[in-house]
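Each remark here refers to the structure printed beneath this line.
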Protein chains: 2
Amino acid sequence: MTSEAVPGGERLRAGGVRLTRQRAAVLAVIEGSQGHLGVREVLAAVRKGRRRIGLTTVYRTLEVLASLNLIRKVHLRDGCQRYARAGAGHGHHLICSRCGRVVEFSDCRLGALIQSVADRTQFTIEDHWLELFGRCKGCRNGRGRMRRRSGFRETGTRPGPAAP
Amino acid sequence: MTSEAVPGGERLRAGGVRLTRQRAAVLAVIEGSQGHLGVREVLAAVRKGRRRIGLTTVYRTLEVLASLNLIRKVHLRDGCQRYARAGAGHGHHLICSRCGRVVEFSDCRLGALIQSVADRTQFTIEDHWLELFGRCKGCRNGRGRMRRRSGFRETGTRPGPAAP
DNA sequence: TCGCACATGAAAAACTTTTTCATCTAGGAG
DNA sequence: CTCCTAGATGAAAAAGTTTTTCATGTGCGA
Ligand SMILES: [Mn+2]
Ligand SMILES: [Mn+2]
Ligand SMILES: [Zn+2]
Ligand SMILES: [Zn+2]
């Protein structure tokens with residue numbers, strides 16, 4: 001069978017790394033998600049798909065995929081180490097603070113701003129990082145402020161409310 | 001002696017929290033630093049200034065100070081939970097990827113971009129987060145790619161301002 | 001098909017962050 | 001100024017996260 005059979009196979013090969021079923025599974029999980037996922041969530045999702053995978057491999061794989069730009073790392077105010085699918089090329093994220101949905105956009109038009117800051121500070125600016133937070137259409141009227149909705153499981157166990 | 005004697009005292013009071021020597025010490029350490037500091041670095045710096053403080057308190061204090069906007073949380077590609085002094089009001093960071101120096105700027109002019117992305121995605125955008133990375137003047141020609149230079153020890157302490 | 005460099009994963013180590021709870025203290029009341 | 005107490009502290013332990021180890025497995029070029 002050709003590598004076509006494995007979604008993402010071409011891109012993994014192109015990245016110079018081996019195409020393993022674990023990598024394909026992790027990539028599939030991220031690409032199949034509308035939001036950002038944490039390590040434990042990816043682990044659970046892959047296993048739910050009845051594929052064996054270890055936590056260590058999830059960590060390593062997410063790093064590999066991100067370095068190949070096949071997925072992107074997302075930072076939230078609290079808790080980073082989260083990942084979302086990557087659009088083409090340079091991209092930034094718009095994140096729904098209620099359900100976690102992630103939309104990538106690439107037109108950032110920061111040229112003038114960067115030039116201005118560079119002139120003023122005497123820095124050579126090499127990279128930038130922009131994230132927008134808000135409410136997606138479906139979450140517009142949600143009065144809550146909770147993070148992920150059902151379908152976007154929380155990573156691990158939450159600190160939870162005060163003890164009795 | 002009046003509360004004037006304690007740098008940041010006024011601002012802590014204004015925030016509705018008690019002015020403790022630990023809070024003043026942490027604030028002084030952050031304000032005395034040109035870069036971003038992690039929890040352990042703050043702990044070490046405060047102790048070096050011969051002030052007693054516990055790790056738990058450092059965590060809690062950094063959170064309190066950040067919520068009062070007296071200091072700001074900085075996210076790096078790897079490793080967040082770092083803090084830098086805050087400029088006035090809304091601010092973004094320009095970070096030297098070699099020495100860690102942090103410069104805050106507030107003119108982000110993202111209005112048009114935000115409008116455009118909002119229209120296109122149907123999101124209501126409530127907040128944004130922008131960080132610029134580059135080389136400060138002094139690190140311009142540094143061929144290295146290491147993070148903090150001497151003076152910005154990873155786990156060590158900054159020579160920073162000792163207690164008055 | 002073979003061989004081996006690369007990849008995996010269970011377990012343990014290492015590290016980070018939060019919770020507990022006994023003790024302390026900032027600062028307002030009197 | 002002295003008292004009082006809600007708020008703050010910190011040592012220790014618990015809880016959670018990430019990395020390291022190393023024996024075993026496997027992708028893929030020869
Ligand atoms: Mn951009
Ligand atoms: Mn972050
Ligand atoms: Zn949403
Ligand atoms: Zn620098």
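Numbers restart at 1 for each chain; the letters A, B, ... are given by sequence-line order, proteins then strands.
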Practice item. Starting from P on C:dA7, measure out to CG on A:Leu68 and report it in whole angstrom. Key: 11 Å
Exercise for review: State which of C:dA10, C:dT16, D:dT18 makes the closest approach to the side chain of A:Arg47.
Suggested key: C:dA10
**Study point:** Spacing of B:Leu12 atom CG relative to D:dG7 atom P, expressed in whole Å
**Key:** 17 Å
Practice item. Search all heavy atoms of B:Cys96 against all heavy atoms of B:Cys99 and return the closest pair with its distance. Key: SG-N, 3.4 Å
Revision key, fill the gap. The answer to which of B:Leu55 and A:Glu63 contacts DNA chain D further toward the 5' end, by nearest nucleotide, is B:Leu55
Check your understanding: How many Å lie between CG on B:Leu62 and P on C:dT18, as a whole number?
Key -> 11 Å
Exercise for review: Select base, sugar-phosphate, or nothing to describe what B:Ile53 touches, counting heavy atoms under 4.0 Å on all strands.
Suggested key: sugar-phosphate
Review point. According to a strict under-4.0 Å criterion, is B:Arg13 in side-chain N/O contact with OP1 or OP2 of C:dA26?
Key: no
Exercise for review: Check whether the side chains of A:Thr57 and A:Arg23 place a donor and an acceptor atom closer than 3.5 Å, and report yes or no.
Suggested key: no
Revision key, fill the gap. A:Lys73 atom NZ is separated from D:dT18 atom C1', nearest whole Å, by 11 Å
Revision key, fill the gap. Side-chain atoms of B:Arg52 come closest, of D:dT18, C:dT8, D:dA11, to D:dA11
Exercise for review: Take the protein atom OH of A:Tyr83 and the nucleotide atom C1' of D:dT17, then report the distance between them rounded to whole Å.
Suggested key: 13 Å
Review point. With nearest nucleotides of DNA chain C determined for B:Val17 and B:Tyr59 from heavy-atom distances, which residue corresponds to the more 5′ nucleotide?
Key: B:Tyr59
Check your understanding: Contact class for B:Thr20 vs. all strands (heavy atom < 4.0 Å): base, sugar-phosphate, or nothing?
Key -> sugar-phosphate
Check your understanding: Between A:Phe133 and A:Arg77, is there a cation-pi geometry (under 6.0 Å to ring centre, at most 45° from the normal)?
Key -> yes
Check your understanding: Which one, C:dA10, D:dG10, C:dT8, comes nearest to the side chain of B:Gln22?
Key -> D:dG10
**Study point:** Sugar-phosphate only, base, or nothing, as touched by A:Arg60 at under 4.0 Å among non-hydrogen atoms
**Key:** base
Practice item. To the nearest Å, give me how far apart CG (A:Leu37) and C1' (D:dT17) are. Key: 17 Å
Check your understanding: Have B:Glu104 and B:His93 got a donor and an acceptor in their side chains that come within less than 3.5 Å?
Key -> yes
Practice item. Figure out the CD/C1' separation between A:Gln81 and D:dT18, and round it to whole Å. Key: 8 Å
Review point. A:Thr56 near the nucleic acid: base, sugar-phosphate alone, or nothing, with a heavy-atom cut-off under 4.0 Å?
Key: base
Review point. Think A:Arg21 has a side-chain N or O under 4.0 angstrom from the OP1 or OP2 of D:dG27?
Key: yes
Point to revise | Test of ring centre spacing under 6.0 Å for A:His92 and A:His128 | key: yes
Check your understanding: In terms of side-chain heavy atoms of B:Arg23, which of D:dA8, C:dA10, D:dT17 is nearest?
Key -> D:dA8
Review point. Considering only D:dT9, D:dT18, C:dG27, which nucleotide approaches the side chain of B:Arg18 most closely?
Key: C:dG27
Check your understanding: Whole-Å distance between C:dT16 P and B:Glu41 CD?
Key -> 11 Å
Check your understanding: Is B:Glu31 paired with B:Arg11 through a side-chain N to carboxylate O contact shorter than 4.0 Å?
Key -> yes
